[in-house]
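Only heavy atoms go into these numbers, but all of them, side chains included; no hydrogens, no water, no symmetry mates. This one's a predicted model, so the numbers in the text were calculated from it and none came from an experiment.
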There are 4 protein chains.
Amino acid sequence: MYSELKQRVFAANLKLPQYGLVTFTWGNVSEIDREKGVIAIKPSGVEYDVMKVDDMVIVDLNGAIVEGTLNPSSDTATHLELYKAYPEIGGVVHTHSRSATIWAQAGIDIPALGTTHADYFYGDIPCTRKLSCDEIAGQYEKNTGLVIIEEFTHRRIDPMAVPSVIVAGHAPFSWGKDAKDAVHNAVVLEEISAMALATRSLNSGIKIQPELSDKHYQRKHGDNAYYGQR
Amino acid sequence: MYSELKQRVFAANLKLPQYGLVTFTWGNVSEIDREKGVIAIKPSGVEYDVMKVDDMVIVDLNGAIVEGTLNPSSDTATHLELYKAYPEIGGVVHTHSRSATIWAQAGIDIPALGTTHADYFYGDIPCTRKLSCDEIAGQYEKNTGLVIIEEFTHRRIDPMAVPSVIVAGHAPFSWGKDAKDAVHNAVVLEEISAMALATRSLNSGIKIQPELSDKHYQRKHGDNAYYGQR
Amino acid sequence: MYSELKQRVFAANLKLPQYGLVTFTWGNVSEIDREKGVIAIKPSGVEYDVMKVDDMVIVDLNGAIVEGTLNPSSDTATHLELYKAYPEIGGVVHTHSRSATIWAQAGIDIPALGTTHADYFYGDIPCTRKLSCDEIAGQYEKNTGLVIIEEFTHRRIDPMAVPSVIVAGHAPFSWGKDAKDAVHNAVVLEEISAMALATRSLNSGIKIQPELSDKHYQRKHGDNAYYGQR
Amino acid sequence: MYSELKQRVFAANLKLPQYGLVTFTWGNVSEIDREKGVIAIKPSGVEYDVMKVDDMVIVDLNGAIVEGTLNPSSDTATHLELYKAYPEIGGVVHTHSRSATIWAQAGIDIPALGTTHADYFYGDIPCTRKLSCDEIAGQYEKNTGLVIIEEFTHRRIDPMAVPSVIVAGHAPFSWGKDAKDAVHNAVVLEEISAMALATRSLNSGIKIQPELSDKHYQRKHGDNAYYGQR
């Protein structure tokens with residue numbers, strides 16, 4: 001019944017090791033079918049090289065398993081909060097990709113420093129506040145989602161214009177219009193994170209010109225975009 | 001009619017992922033046929049693993065499409081300005097290769113620090129000034145080319161002796177006698193950019209001896225060059 | 001007689017070059033059979049690409065060769081001390097993997113800076129004290145083991161909760177419930193060592209929240225663990 | 001007549017791209033036949049993927065071509081000075097491998113910081129003084145060799161105990177008992193150069209304990225060496 005959804009989510013998960021974004025099982029991708037009110041997500045702790053398409057788990061928006069014999073990713077509750085808060089997003093991905101995780105561990109926003117960043121992200125990529133002890137002790141993964149949403153709301157960031165976040169002390173989440181697009185954004189996030197690390201070590205106070213950031217974001221994503229074959 | 005030109009440009013574009021210079025579609029190579037007054041260039045936003053030789057776009061020096069069904073690279077106007085200003089160059093390449101882009105984002109010239117640099121580049125690789133708001137809002141890609149040319153003219157740099165530039169806040173452009181040679185220079189640029197980053201972190205004030213720079217550049221490129229099999 | 005043990009140790013050793021943890025022969029893995037009172041370990045100085053399963057050496061807990069025609073790893077005495085001190089461990093691995101070795105050379109504990117670390121290691125990974133001149137001049141490899149044990153005892157660290165150590169001026173050792181698990185931990189150690197290097201350069205004073213460390217370690221390893229398919 | 005020598009030198013040269021030590025043609029390996037008074041060396045500027053065994057050039061100790069149709073490496077005169085000064089060495093290699101070149105460009109000795117270094121190099125790896133303007137303008141490649149030898153003589157370093165050097169502003173040379181061994185040392189040099197870079201950024205004043213350096217060097221290379229299968 002969910003075979004196409006599972007196939008897409010399976011394929012998107014396999015992109016994570018191909019792009020060097022994961023060590024062992026440290027990543028998971030999901031995609032939502034909003035009509036049916038379910039998501040497909042990677043099972044928890046299963047290695048990518050033995051994982052099969054039917055291992056994908058179908059979960060409803062309350063986190064109950066609808067189809068599948070394995071436990072869904074332990075991060076499922078974070079994915080669900082993002083889907084519930086942001087109706088525009090269709091796919092979510094979590095990794096511990098090295099350079100983005102470094103910024104998350106440092107607890108510092110990933111600054112917009114060049115057009116590579118601006119082509120995909122309209123402004124800095126926010127680092128969340130730390131979770132409180134109660135938020136950690138309680139529904140931790142759900143609260144991780146809520147803290148992400150709080151950060152975007154508080155800073156008035158459009159999640160479609162900045163489709164990634166880093167969670168303080170933890171690692172990145174990215175999203176997009178579907179699972180494939182979310183993984184695409186996760187790859188970009190990793191590359192710009194690596195570039196930003198060295199850029200700041202060369203020139204600690206540098207920022208991108210706002211006009212250049214506008215130009216590059218709009219030529220790809222604006223109403224008059226002219227990048228690509230549209 | 002342009003099949004050999006397209007074949008060469010196609011092959012040179014495929015070198016970009018092979019040498020690890022591009023993520024996704026973040027790069028483009030062109031070559032000029034000066035007799036016919038056209039260039040062949042990569043189509044915009046097409047993935048390297050599905051791109052075909054006939055996807056290359058033939059464009060005249062005003063940017064009008066002469067042959068091809070796809071949009072040319074959004075950076076075409078930058079390539080054209082370089083070809084028009086510098087009659088010696090036959091190929092141009094633009095990438096967001098990691099280490100060169102880091103120097104571009106930092107807004108700092110890539111300093112000549114050793115013979116690896118001197119074998120290909122006669123002196124520092126300039127970083128352009130920032131484009132003005134008007135230059136960004138107007139014909140941005142054409143103005144990017146003009147700002148590159150301004151930098152070389154103002155500093156009296158011979159573009160054949162320093163066949164690369166980094167555009168402030170953006171990324172590198174390289175060129176050469178044809179598309180293949182331009183890509184060769186882009187590979188060298190990336191390697192010396194990576195070396196320069198770490199060299200400066202070890203010894204912040206270091207520079208190459210001018211005599212050593214002269215010697216290495218001349219033994220490969222001077223009238224009495226003796227490197228290689230010429 | 002020891003064919004299964006040798007097969008497992010052989011397979012675990014081959015993982016080292018696959019995961020990029022070794023250059024040439026710079027690593028060795030062992031596993032213990034506690035009933036029979038022997039370990040299997042890589043022979044000394046044999047290249048991974050020519051090594052055969054029957055090259056594994058069977059050694060008793062005094063270091064005497066029980067089966068095999070080659071010399072065991074020169075680090076065998078270190079492995080033996082760890083097995084004798086810690087009855088819970090079944091496999092030991094030693095490498096000179098780049099990032100972990102950097103921390104060992106710097107003589108600094110690898111700090112717990114994020115959940116990637118906390119998922120596997122409960123707190124900082126200790127760097128031992130330097131060996132004394134007498135310890136180096138005497139039974140050096142055995143004394144390396146004793147200094148590791150001293151460090152864990154002195155700091156009251158549970159070796160199963162922190163299954164790795166770095167030896168000052170030298171390199172890491174990791175362990176686990178068997179040879180495969182020890183190698184798994186060595187891969188994680190290398191990744192978190194690389195992340196910690198850059199995290200500290202971005203934010204020199206940062207530490208993980210203790211509550212977040214607890215949470216991630218317990219959700220994978222605690223009595224109520226819910227990560228994976230158990 | 002020199003087919004075995006050429007075969008060994010050819011194979012050793014092919015190891016350079018396999019180990020990631022060269023970009024394009026930036027490296028060359030030679031081996032000497034002391035009885036016949038000749039060396040075999042890579043031809044200048046020939047790409048590794050098209051190079052054939054018979055492209056190797058046989059040169060006598062004055063640099064005259066004995067056999068071969070191509071020009072020998074432009075660095076041949078440096079190799080020859082090393083062979084003439086050090087009768088113990090049988091192979092020489094020159095690369096621009098990234099991390100070793102970074103130290104050369106910085107003009108700083110590669111410090112002995114751990115056992116990985118001590119297993120192969122007995123003490124710091126020296127960086128030569130800069131060549132004078134006259135030395136550069138004259139027989140540059142020969143003078144490069146003479147400056148290397150001057151550095152070892154002046155500091156009283158045994159070239160067999162420290163089988164590598166970095167030339168200020170340039171790049172490394174390594175050597176060994178034959179071509180294969182020289183390449184082996186070049187691989188080690190690159191790895192310890194990368195480790196040393198990050199170790200010094202973590203702990204700027206750190207050095208290896210002299211006793212630990214002695215121990216590791218002697219257990220591999222001393223009269224009572226017990227590493228490996230000898």
| said: Is Ile108(B) in contact with chain A via its backbone, its side chain, both, or neither, using a 4.5 Å heavy-atom distance? | reply: side chain
| remark: One should read off an interatomic distance between Leu212(A) CG and Tyr140(B) OH, to the nearest 0.5 angstrom, of 4.5 Å
| said: So Val188(A) and Thr23(B), do their side chains get closer than 4.5 Å, heavy atoms only? | reply: no
| message | Please report the interatomic distance CD(Gln105(B)) to OG1(Thr115(A)), rounded to the nearest 0.5 Å. | response | 7.0 Å
| Donor-acceptor pair, side chain of Gln209(A) and main chain of Leu131(B), under 3.5 angstrom | yes
| query | Which heavy atom of Thr101(B) sits nearest a heavy atom of Thr116(A), and at what distance? | reply | CG2-OG1, 3.7 Å
Validation: residues 3-11 of chain A side-chain donor-acceptor distances under 3.5 Å, sequence neighbours left out:
unit_1, atom_1, unit_2, atom_2, d
Lys6(A), NZ, Glu67(A), OE2, 2.7
Arg8(A), NE, Glu31(A), OE2, 2.8
Arg8(A), NH2, Glu31(A), OE2, 2.9

| task | Report the residues that fulfil salt bridge (charged side-chain N to carboxylate O under 4.0 Å, His left out) with Arg200(B), sequence neighbours left out, ordered by chain and then residue number. | result | none
| said: Contact between Tyr227(A) and Thr25(B) at the side-chain level, heavy atoms closer than 4.5 Å - yes or no? | reply: yes
| request: Tell me, please, which residues at least two apart from Asp124(A) pass salt bridge (charged side-chain N to carboxylate O under 4.0 Å, His left out). | output: Lys207(A)
| request: Could you tell me which portion of Leu70(B) (side chain, backbone, both or neither) has an atom closer than 4.5 angstrom to a non-hydrogen atom of chain A? | output: both
| Heavy-atom pair count under 4.5 Å with chain B, highest-scoring of Leu197(A), Ile206(A), Ile192(A), Asp119(A) | Ile206(A)
| Structural part of Glu135(B) lying under 4.5 Å from a heavy atom of chain A | neither
| task | Let me know if Ser73(B) has heavy atoms under 4.5 Å from chain A in its side chain, its backbone, both or neither. | result | neither
| note | Expected contact set for residues 43-50 of chain B against chain A at heavy-atom separation under 4.5 Å reads Pro43(B), Ser44(B), Gly45(B), Val46(B)
| Parallel, tilted or perpendicular, as decided by the 30° and 60° cut-offs, for the rings of Phe24(B) and His184(A) | parallel
| task | Please state whether the side chain, the backbone, both or neither of Ala168(B) comes within less than 4.5 Å of a heavy atom of chain A. | result | backbone
| request: Indicate yes or no: at least one non-hydrogen side-chain atom of His96(B) is less than 4.5 angstrom from one of Glu191(A). | output: no
